[in-house]
Amino acid sequence: QVQLVESGGGLVQAGGSLRLSCAASGSIFSVNTMGWYHQAPGKRRELVATIRSGGSTNYADSVKGRFTISRDDAKNTVYLQMNSLKPEDTAVYYCGAYIFSADSHSWGDYWGQGTQVTVSS
């Protein structure tokens, strides 16, 4: 079984910073793309940033220049450094990863439980 566990959310003032972490564990053979998504109340889940196994990254326009995604493949962990936070960044942040499970012998999308980020004005 594969699990993704996020940490690092919280309450911060506008202009502040937070760092999110997401560790994948369990029956993992290989991890491909990892990413962060957010969902504000009443809205759909949206992409924030992704990082491929080779290191190439992709960001939503709204976070370019403020957020940085990185990964530690030895730890199967992805990070999201969020700087210059704005009230509109307030949302539940979810970690997602495309993982080859050693149990099912197949690729699949896996999600964490989400972590709340609240930015006060």
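Atom CG of residue D72 and atom OG1 of residue T77 lie 6.0 Å apart, to the nearest 0.5 angstrom. How far CZ of R19 is from CE of M82: 11.5 Å, rounded to the nearest 0.5 Å. Summarising the geometry, atom CG belonging to L20 is positioned 8.0 Å from atom OG belonging to S7; distances are rounded to the nearest 0.5 Å. Here the OG atom belonging to S21 is positioned 14.0 Å from the CZ atom belonging to R71, to the nearest 0.5 angstrom. In this structure, CD on Q3 lies 11.0 Å from SG on C22, to the nearest 0.5 angstrom. Distance check, rounded to the nearest 0.5 Å: CD of Q13 to CG of L85 gives 11.5 Å.
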Check the pair L47 / N58 against side-chain contact (heavy atoms from CB on, under 4.5 Å), numbers first and verdict last.
-> CA-CA 9 Å; L47 179 146; N58 180 49; 4.0 Å; yes
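The hydrophobic clustering, which links ILVMFWY residues whose side-chain heavy atoms are closer than 4.5 Å, places F67 and V12 together. Criterion: ILVMFWY side-chain heavy atoms under 4.5 Å apart, direct or through other members. Under it, Y59 and V78 are part of a common hydrophobic cluster. With hydrophobic clusters built from ILVMFWY side chains whose heavy atoms lie under 4.5 angstrom apart, M34 does not share a cluster with Y98. Under a hydrophobic clustering in which Ile, Leu, Val, Met, Phe, Trp and Tyr are joined whenever their side-chain heavy atoms come within less than 4.5 Å, directly or via other members, Y79 and V117 fall into different clusters. Grouping the Ile, Leu, Val, Met, Phe, Trp and Tyr side chains by contacts below 4.5 angstrom, directly or via other members, places L4 with L80.
Remark: side-chain polar atoms of D103 are paired, donor with acceptor, to backbone N or O of Q1 under 3.5 angstrom. Remark: side-chain polar atoms of T115 are not paired, donor with acceptor, to backbone N or O of E6 under 3.5 angstrom. Between the side chain of S101 and the backbone N or O of S106 there is no donor-acceptor pair closer than 3.5 Å.
I69 and G35 get closest at one heavy-atom pair: CD1-CA, 4.1 Å. Here the closest heavy-atom approach between residue Y94 and residue Q113 is recorded as CE2-O, 3.6 Å. Residues A40 and A91 share a closest heavy-atom pair of N-CB, 3.9 Å. Between L18 and G8, the shortest heavy-atom distance links the atoms CD2-O, 3.9 Å. For the pair V48 and V63, the tightest heavy-atom approach, listed with the atom from each and the gap, is O-CG2, 3.6 Å. Contact detail for W107 and V31: the closest heavy-atom pair is CZ3-C, 4.5 Å.
With salt bridges taken as basic N to acidic carboxylate O contacts below 4.0 Å, none links K86 and D89.
Put simply, the side chain of L11 does not reach to within 4.5 Å of the side chain of Q116, judged on heavy atoms. Residues Y37 and T50 are in side-chain contact: their nearest non-hydrogen atoms beyond the backbone lie under 4.5 Å apart.
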